Amino acid sequence: MTDHFTSRFLDARRDYIRSRFPHLNPMQQEAVLHTEGPLLILAGAGSGKTSVLINRVYNLLKYGSASGSDVLPPFASEEMISELEEHGALADDYAALDPVPPWQILAITFTNKAAGELKSRLEQLLGESSRDIWACTFHSACVRILRRDCDRIGFTRDFTIYDTTDSLSLIKHILKDQNLDEKYYPPRGILSEISRAKGDKILPPEYCAEAKKTINLHRQQVGEIYTEYMRRLTLSDAMDFDDLLLYTVMLLRENEDVLDYWQRRFRYILIDEYQDTNLLQYELSALIAGKHKNICVVGDDDQSIYKFRGATIENILSFEDQYKGCRTIRLEQNYRSTGHILNAANSVIRNNTERKGKELWTDKSAGDMIELYTADSEKDEAQYVASKMLAGYSRGENWRDYAVLYRKNAQSSSLEFALKRNGIPYRIYGGTRFFDRAEIKDILSYLSVVSFPGDNLRLERIINTPPRGIGSKSIETALSLAAEEGKTLFDVISHADRYEDLARPAMRMRAFAVLIEELRAFSEANTPDLLFDEIIEKTGYIRALKEKNTQEDTARAENVEELKTSILTYMKESGDTTLAGYLANVALYTDLDNYDTSASAVTLMTMHSSKGLEFPHVFIVGMEETIFPSMQAIGESEEMEEERRLCYVAITRAMKTLHLVCARERMLFGRTTSNRVSRFVDEIPEEDIHKTIPRGYGFRDPSNQTYVQRSESSVGAGYGSYVVRKPAHKAFDEHTVKPPAPAKTEQKPLLQLAIGDSVRHQAFHEGTVVKITPMGNDALLEISFPSVGNKKLMLRTASLHMEKF
DNA sequence: CGCACCACAATTTTT
DNA sequence: TTGTGGTGCG
């Protein structure tokens, strides 16, 4: 066989395999075909990276290393070449070289949701065999690795996972015990300091040593807290989120056989959102990939928005140095957004200096221009958003195609009100999470304590919930007794009668300990869902809530019921009926995992949570200095760049239309404030954005341009508008001179309605008034619309979009 | 021991 | 403005 033959065979094979991915562009194909050795994919927003990931896995499973290898199969022949070239029936078999078994692939994503999506798309493409692929987050991968060998690092198989709330409350306890003032030692700050240390692989001894050198008393004290924090976690057989990574790295570093096992096991590693990884995650991936070096990372330095929680953009910026001979592929064709939107995104991000440099392009049309609307107030801002949505809905758009993005969660409330008043269905993501609710934490604490009574933190949480006459004083006494004797709180309360100091609560404490023992015995023989019932029954938790009979407590009781659903779902989906398994799963679970794209409702979320999602129509509200960019980023160039990346992320969520909204004044911490329009708006080229200032603003812009009327037929009264044809650089003057108060809101007279009246609504069409409830100088209407069902609308708002007939 | 009231602060967030 | 946490009283 000649070299010529070899290269002909390899070419034919590669071309054949490439032809199996006709739906991908050449760059994407390259990324799919490069199977051997390190690969860095710089994937811009909307460039189809998920597609690439999935097809890469498909290629590995189907053709193995064939497309990336120069090894010939045994018995390579001329016939095989022609079969490949002609795409014959046997071509598939001839092309394959050592197909990769699914269990040798590890695909790491950042959220459970992304992992779930990856899994389901792989299953669609590959069927059954995709089951054995590890598609999970760093954290859940670590849990699985740790469970196998946790005895080597001094944990039991059933170690529990502390979430941020647990960690926070542990920190608070330690502060209290060490007589430290939360004012000078803010628990959140301490926790993120500890988290940062762990992320940089600095353990308490090293941290304390470093702190001693600095003669910084505060830091030394933090070192003490850190030491104690770790000590107590270990005592409770618990790990926090960072520990999962930390201990896994330590396990692999210190145990060659374990490292060897996992290195052999995972021949191919894929990591998504690499720009969001920290040092620990980098090290973990380097360890596992250490043998085969088949590591493929996907990321976008421009979308790195989590530096504040320890992500280091360095990982992606220096990947090429860390893996010599690495292949870098850029995916710059955007399949999501139309021209103006993309141009705006490129123009904004170009102002950052710390980046690899990447320019998105599209072969789509320019599409609609970006709209900038300058609202009066946050109320007006919200009403504008609602009106635009109603207009869209009346043109046949679906609610689910709309999203409103904002910088911080607190901005959601005015939007919520506006959407409610207008009868627009919406969903809010973020804010307080289901698993962070007190009642859920309570029940989960019961489950944890049943699983491991040595967990002082959680035992303390439930010892008097619902109230059973064990007050904080008694708990404190018991805790210090436990500390003195080196026992757990549970040990002490089990034998409370042996301690003089606990004479009074002794009976109640023992009764509680007996309750836990009984539940433990029960859990030995029963599945978690039955244990849940038993806990509710024996503790009277729901009963206590229902007795209060307030609306809030009823909602709480419902949440608790909902928790049972989560247990049942877990048991059904994983086939695992162990309590420890469920608890680990729950700790790693978040609300975003519940994100349901099929619901017919508009989406409200922070720009951060929107990463990875896309919507046909996007509104970004609060485009004002001190809000976005946020107050704390102003004057800090690194943070400003992160804000700008956030802006880039937000803009690139939009597929067809993008509305930016700023408010002339808004209520901030109970004060009316007025801020200049966001610098990011200025960074968008004039030809991509169309600035609207509502009728009634009688002020001149600095460049003395005339306002030109523009017709806006689709939206009702209140949003007819004037436009600056060649807008001034700023939407309004930079010193905060307030323009004369506009007289523009609710120019339409209120409708005079009675029950039974027929109305025609702009978006919901014809309907009949079925109920009117006066509320102050407004009224709550309930109108029956044959096309959409019953809607509750506020009279004042609805009058803008509705007429009587 | 539980509840009510007042002071105080106030991004972003996944696991 | 809103939510939280601490204190003081019943």
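First the proteins, then the strands, lettered A, B, ... as listed; each starts at 1. Quick caveat: nothing in here was measured; it's all calculated off a predicted structure.
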Phosphate oxygens OP1/OP2 of [N]: is one of them under 4.0 Å from a side-chain N or O of [X]?
X	N	value
A:Lys408	B:dT13	no
A:Asn112	B:dT15	yes
A:Asn278	B:dT15	no
A:Ser609	B:dT13	yes

Query - Sorted by number, the residues of residues 300-312 of chain A with heavy-atom contact under 4.0 Å to DNA chain B - result: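 A:Tyr306, A:Phe308, A:Arg309, in order of number.
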
Report task. Pull out every residue in residues 473-481 of chain A that has a heavy atom closer than 4.0 Å to any atom of DNA chain B, ordered by number, or say none. Result ->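 Under 4.0 Å from DNA chain B: A:Lys473, A:Ser474.
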
Tell me what [X] touches on the nucleic acid: a base, only sugar-phosphate, or nothing, going by heavy atoms under 4.0 Å.
X	answer
A:Asp240	nothing
A:Lys611	nothing
A:Ile470	sugar-phosphate
A:Glu642	nothing
A:Gln281	nothing
A:Asp242	nothing
A:Thr164	base
A:Thr606	sugar-phosphate

What is the distance, rounded to the nearest whole Å, between atom [atom1] of [X] and atom [atom2] of [N]?
X	N	atom1	atom2	answer
A:Asn409	B:dT11	CG	P	10 Å
A:Asp166	B:dT15	CG	P	16 Å
A:Leu168	C:dG5	CG	P	9 Å
A:Leu646	B:dT12	CG	P	11 Å
A:Phe435	B:dT13	CZ	C1'	17 Å
A:Arg671	C:dT2	CZ	C1'	15 Å
A:Tyr406	B:dT13	OH	P	9 Å
A:Leu175	C:dG6	CG	C1'	15 Å

**Report entry** Which atom of A:Ala375 lies closest to which atom of A:Val661, heavy atoms considered
**Finding:**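 Minimum heavy-atom separation between A:Ala375 and A:Val661: CB-CG1, 4.3 Å.
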
**Report entry** Gap between atom CD of A:Glu354 and atom OG of A:Ser304 - 0.5 Å precision
**Finding:**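 If we round to the nearest 0.5 Å, A:Ser304:OG and A:Glu354:CD are 11.5 Å apart.
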
Query - Option passing ring pair (Phe, Tyr, Trp, His ring centres under 6.0 Å) with A:His608 (candidates A:Tyr429, A:Phe110, A:Phe308, A:Tyr406) - result: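 Per the ring pair (Phe, Tyr, Trp, His ring centres under 6.0 Å) rule, the option paired with A:His608 is A:Phe308, out of A:Tyr429, A:Phe110, A:Phe308, A:Tyr406.
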
Query raised in the report: Using atom P of each nucleotide, how far apart are B:dT12 and C:dG5 to the nearest Å?
Result: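 Result for the P pair: 16 Å, nearest Å.
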
Report task. Considering only atom P, compute the distance from B:dT13 to C:dT4 and round it to an integer number of Å. Result ->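 Their P atoms lie roughly 16 Å apart.
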
Query - Residue whose closest nucleotide on DNA chain B lies nearer the 5' end, A:Ala410 versus A:Ser472 - result: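 This one resolves to A:Ser472.
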
